[in-house]
Student: 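Below is one structure. I have some questions about it.
Positions are given from 1 along the sequence. Indexing begins at 1, ligand by ligand and atom by atom, following the structure's order.
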Amino acid sequence: MTHLSTLGVRAGQVRTAEGEHAEPIFTTSSFVFRSAAEAAARFAETEKGNIYSRFTNPTVRCFEERLAAMEGAACCVATSSGMAAILATCMALLKAGDHIVCSESVFGSTIALINRYLVKFGIAVTYVPLDDPDAWRLAIKPNTRLFYLETPSNPLSTIGDIRTLAQLAHEHDVLLAVDNCFCTPALQRPLELGADLVIHSATKFLDGQGRCVGGAVLGDAERVGKEIFGFLRTAGPSMSPFNAWVFLKGLETLELRMRAQSAAALELARWLEQQPKVRRVYYAGLPSHPQHELAKSQQSAFGSIVSFEVEGGRDAAWAFIDATRLMSITANLGDVKTTITHPATTTHSRISPEERERAGITEGLLRISVGLEHVEDLKEDLARGLACV
Ligand SMILES: *Cc1c(COP(=O)(O)O)cnc(C)c1O
């Protein structure tokens, strides 16, 4: 059982005595013991087994083991959201006085979590450009404990060199955490490239059909299985069994979806690049992308997120969106339904206009997350948008 599609369908399932074919949902908050002695042994952790669903639950464990197998991780813990996965990692592994070096192109709530909350507890941060390893090197201090990044970045598909940054981190006794939300293990396996921790928002591609909010952290048994799990079972942002079951069903089709959505995204990116009203297309699968070779060296395909800049600024970008009939106007991504958004006034609206321009998130920029509709129908919808620019 070494191929990813097989793991996605089969890994982690333990059938009960009922012989059920599909994975059951264990909707129980607590578990019973055969005797007082067994209860004592479970609490003393001299015997393995379930106690309470804030700690462990069989449906959640099945999801954790399946995702761990797919990422090639020794251990996985599931969380109530992607943000809870990031919080749990920081709470468990950092302390007052520690320092994080973080890519400046990470999810907005990740930056808010660090700047508004972690700094209150004496954790310092330096933001650096994702694609400049020298900047990461120069940002290292004696108290640096964590490198944090997402690759490809949102929305401009900048690539972080995982191998180089892992090596740099390890030379300085620093951990590298990679948010693998955009690629998923179907396209990129950061642990194999040297990362110590992988973080997921399961809400996106792992579910793939926009139904549930959840997350996960993967890595070694000590940090993830003991330290991060210890925080989760104590603080409680654990995943519900129902959500775990939905994500299990998502993992079964993950590889198929990621391949199909990546192929459609590549086709649309190539087509957009030829349209006169499109100034620039941001997609690492295009040979014109400055980091195309690096992307090829660490990803097996380029994902479903394509961004492009149209002539005419905000008015043109909004007219484009309003002219589409098929795509959903929503800032969410990773769904089999194609979505379109205007980053400058949605996902990146809270950063200052100057910072936004500097980051390349212009008023004419649009981002699509390509789903599973027929690519010709999507092209027709994009053409409707372009006709209004
Ligand atoms: C959505 C997202 C998150 C946060 O996940 P939630 O499940 O919404 O909490 C973190 N990182 C990335 C890259 C995301 O896209």
Student: Rounded at 0.5 Å granularity, tell me how far CD in Q299 sits from CG in L193.
Tutor: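 Taking CD in Q299 and CG in L193, the distance rounds to 9.5 Å.
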Student: Check the pair E252, K249 against salt bridge (charged side-chain N to carboxylate O under 4.0 Å, His left out), reporting the backbone distance first and the verdict last.
Tutor: CA-CA 5 Å; E252 291 177 355; K249 297 295 114 182; 3.1 Å; yes
Student: Check each heavy atom of M83 against ligand 1 and say whether those closer than 4.0 Å belong to the side chain, the backbone, both or neither.
Tutor: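 For M83, the contact with ligand 1 is made by both the backbone and the side chain.
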Student: Is E64 salt-bridged to R61, cutoff N-O under 4.0 Å?
Tutor: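 Looking at E64 and R61, the cut-off is not met.
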Student: Side chains of E71 and H200: any donor to acceptor distance under 3.5 Å?
Tutor: yes
Student: Among all protein heavy atoms in this structure, tell me which lies nearest to atom 11 (N) of ligand 1, with the distance rounded to 0.1 Å.
Tutor: D179 OD2, 2.6 Å
Student: Could you identify the single nearest non-hydrogen protein atom to atom 7 (O) of ligand 1 and state the distance to 0.1 Å?
Tutor: T203 OG1, 2.6 Å
Student: Please state which option from C181, G82, G108, A216 has its nearest heavy atom closest to atom 6 (P) of ligand 1.
Tutor: G82
Student: At what distance is the nearest protein heavy atom to atom 5 (O) of ligand 1, and which residue and atom is it?
Tutor: S201 OG, 3.0 Å
Student: In terms of atom number and element, which parts of ligand 1 are under 4.0 angstrom from non-hydrogen atoms of G214?
Tutor: 7 (O)
Student: Under the side chain to side chain contact (heavy atoms under 4.5 Å, CB included) rule, collect the residues that match up with W271, sequence neighbours excluded.
Tutor: Q275, K379, L382, A383, L386
Student: What residue and atom, counting heavy atoms only, is the protein's closest point to atom 4 (C) of ligand 1, and at what distance?
Tutor: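 It is F107 CE2, 3.4 Å.
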Student: According to salt bridge (Lys or Arg N to Asp or Glu O under 4.0 Å), does anything in residues 213-229 pair up with another residue at least two apart or in another chain? List the pairs.
Tutor: D220-R223, E222-K226
Student: Please report the interatomic distance CD(E357) to CD(E363), rounded to the nearest 0.5 Å.
Tutor: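 Taking CD in E357 and CD in E363, the distance rounds to 7.0 Å.
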Student: If you have a sec, work out which protein heavy atom is nearest atom 1 (C) of ligand 1 and how many Å separate them, to one decimal?
Tutor: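 Answer, as residue, atom name and distance: K204 NZ, 1.4 Å.
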Student: With heavy atoms of S81 as the reference, note each atom of ligand 1 found under 4.0 Å away.
Tutor: 7 (O), 9 (O)
